[in-house]
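In what follows, a single structure is set out as structure tokens and then discussed.
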Amino acid sequence: AGEPRRIRAEGINVHWACWFPDQKHLLLAGNVPGHADQGFVLDAAGGRPRPVTPEGIRLGWDTVSPDGLRFVGLNTDSQKLMVYATDGGGEPKAVPNTVPGEIAIRWSSDPQWIYVAVPSQIPTKVYRLNINTGEKVLFRTLSPADPTGLDSTFGLRITADGKAYAYSYERLLSDLYVVEGLK
């Protein structure tokens with residue numbers, strides 16, 4: 001509710017943004033022109049975006065912790081999910097028990113757990129993953145009733161309490177023709 005207002009992230013190519021729980025800051029996924037992707041924090045009241053990860057970090061939607069102090073990103077070099085401090089301080093911490101291609105979907109309402117999946121695996125299994133112990137619990141298996149031509153799932157969104165979710169999928173369908181007798 002309220003009037004729309006423009007929030008500028010000067011000097012950054014922004015790929016997407018999500019609000020912190022305090023609704024006063026944004027986590028930005030983007031890059032400085034000529035540089036690799038990284039994470040930035042922007043005060044919604046104004047100012048310049050502040051880098052909070054090194055370059056080479058890919059961020060997922062809704063991956064800020066419920067207390068707003070941490071977020072999850074994918075280190076594209078190591079293919080590991082990492083927990084970063086939103087103030088940019090300290091060393092990032094690897095999330096245990098992740099597999100290549102696994103991405104963070106969102107932080108759950110319990111600050112010890114995140115939702116993760118490998119969207120290219122069909123059916124797509126979504127897990128709750130404890131960021132400290134690496135314990136994984138299957139949350140949902142996603143696949144349409146007819147998986148013909150299914151390539152991947154994408155756009156997966158889950159509510160923090162896990163009571164609702166939505167996703168899209170992509171199908172690659174084609175026809176094969178055999179032609180005989182051509183000269």
Side-chain angles (χ1 to χ4, degrees), residues 5-108 111 113-122 124-129 131-132 134 142 151-158 160 165-170:
R5 65 184 168 119
R6 183 177 299 261
I7 299 172
R8 298 192 186 276
E10 294 180 32
I12 306 295
N13 296 321
V14 177
H15 306 307
W16 64 261
C18 72
W19 288 103
F20 275 64
D22 67 6
Q23 300 295 303
K24 296 177 182 176
H25 298 87
L26 291 149
L27 177 63
L28 309 177
N31 69 296
V32 173
H35 293 268
D37 290 351
Q38 67 186 118
F40 300 86
V41 171
L42 177 65
D43 186 324
R48 292 191 58 82
R50 180 175 40 88
V52 290
T53 72
E55 291 182 29
I57 305 303
R58 196 170 82 209
L59 303 178
W61 295 90
D62 299 324
T63 55
V64 177
S65 64
D67 60 10
L69 299 177
R70 301 169 290 171
F71 64 93
V72 178
L74 177 69
N75 181 311
T76 56
D77 289 335
S78 69
Q79 291 298 302
K80 290 280 190 184
L81 289 176
M82 308 291 286
V83 176
Y84 295 88
T86 56
D87 67 4
E91 288 296 313
K93 178 186 163 205
V95 177
N97 197 20
T98 60
V99 298
E102 197 162 48
I103 62 168
I105 305 299
R106 94 164 281 141
W107 214 290
S108 81
W113 296 82
I114 58 175
Y115 294 99
V116 298
V118 179
S120 61
Q121 289 182 348
I122 305 300
T124 302
K125 293 184 178 183
V126 181
Y127 295 92
R128 289 185 72 223
L129 173 62
I131 62 167
N132 297 312
L142 307 176
D151 180 57
S152 63
T153 57
F154 61 93
L156 175 58
R157 301 293 180 265
I158 303 172
Y165 64 94
Y167 69 99
S168 297
Y169 55 89
E170 181 175 65

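For reference, positions follow the sequence shown, starting with 1.
- Counting heavy-atom neighbours within 6.0 Å of E10 CD, excluding the residue itself, gives a total of 12 or less.
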May I have the step-by-step check of side chain to side chain contact (heavy atoms under 4.5 Å, CB included) for Y115 and D62, ending in yes or no? CA-CA 10 Å; Y115 294 99; D62 299 324; over 6 Å; no
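- Counting only distance, with no hydrogens or angles, the side chain of T76 and the backbone of G56 share a donor-acceptor pair below 3.5 Å.
- We find the CG-OG1 distance between L156 and T124 to be 8.5 Å, quoted to the nearest 0.5 Å.
- Residues T86 and L27 fail the side-chain proximity criterion, which asks for heavy atoms closer than 4.5 Å.
- Taking 4.5 Å as the limit, some side-chain heavy atom of L26 sits within range of a side-chain heavy atom of W19.
- Panel note: side chain N97, backbone G134; a donor-acceptor pair is recorded below 3.5 Å.
- Side-chain contact between F40 and V14 is absent, with no heavy-atom pair separated by less than 4.5 Å.
- No side-chain heavy atom of Y165 sits under 4.5 Å from any side-chain heavy atom of I105.
- Separating the CD1 atom in I12 from the CZ atom in R48 is a distance of 7.0 Å, to the nearest 0.5 Å.
- Summarising the geometry of P111 relative to I131, their closest heavy-atom pair is O-CD1, 4.0 Å, with the distance given to 0.1 Å.
- No donor-acceptor pair closer than 3.5 Å links the side chain of Q79 to the backbone N or O of P100.
- Note that CG of L81 is 8.5 Å distant from CD1 of I103, once rounded to the nearest 0.5 Å.
- The line from OG of S108 to CD1 of I114 is 9.0 Å long, rounded to the nearest 0.5 Å.
- Minimum interatomic distance between P49 and L42 (heavy atoms only, all atoms of both residues): N-CD1, 3.8 Å.
- In this structure, R70 contributes its side chain and S65 its backbone to no donor-acceptor pair below 3.5 Å.
- P92 is not listed as a side-chain neighbour of T53, based on a closest heavy-atom distance of 4.5 Å or more.
- A pairwise comparison of heavy atoms in Q38 and P51 identifies NE2-CB, 3.5 Å as the closest pair.
- Taking all atoms of both residues into account, the shortest heavy-atom contact from I57 to G73 is CG2-CA, 4.1 Å.
- For the pair V64 and W107, the tightest heavy-atom approach, listed with the atom from each and the gap, is O-CB, 3.5 Å.
- In the displayed structure, R8 atom CZ is contacted under 6.0 Å by at most 12 heavy atoms of other residues, nucleotides or ligands.
- Aromatic ring orientation, Y167 versus Y169: tilted (interplanar angle from 30° to 60°).
- Contact of the N132 side chain with the K93 side chain is registered, since non-hydrogen atoms from C-beta on lie closer than 4.5 Å.
- L129 is listed as a side-chain neighbour of T98, based on a closest heavy-atom distance under 4.5 Å.
- D22 CG to D67 CG: the interatomic distance, rounded to the nearest 0.5 Å, is 11.0 Å.
- No option in K125, R106, E102 other than E102 meets the side-chain contact (heavy atoms from CB on, under 4.5 Å) test with V116.
- Summarising the geometry of L59 relative to G39, their closest heavy-atom pair is CD1-CA, 3.6 Å, with the distance given to 0.1 Å.
- The neighbour count for R58 CZ, taken as heavy atoms of other residues, nucleotides or ligands under 6.0 Å away, does not exceed 12.
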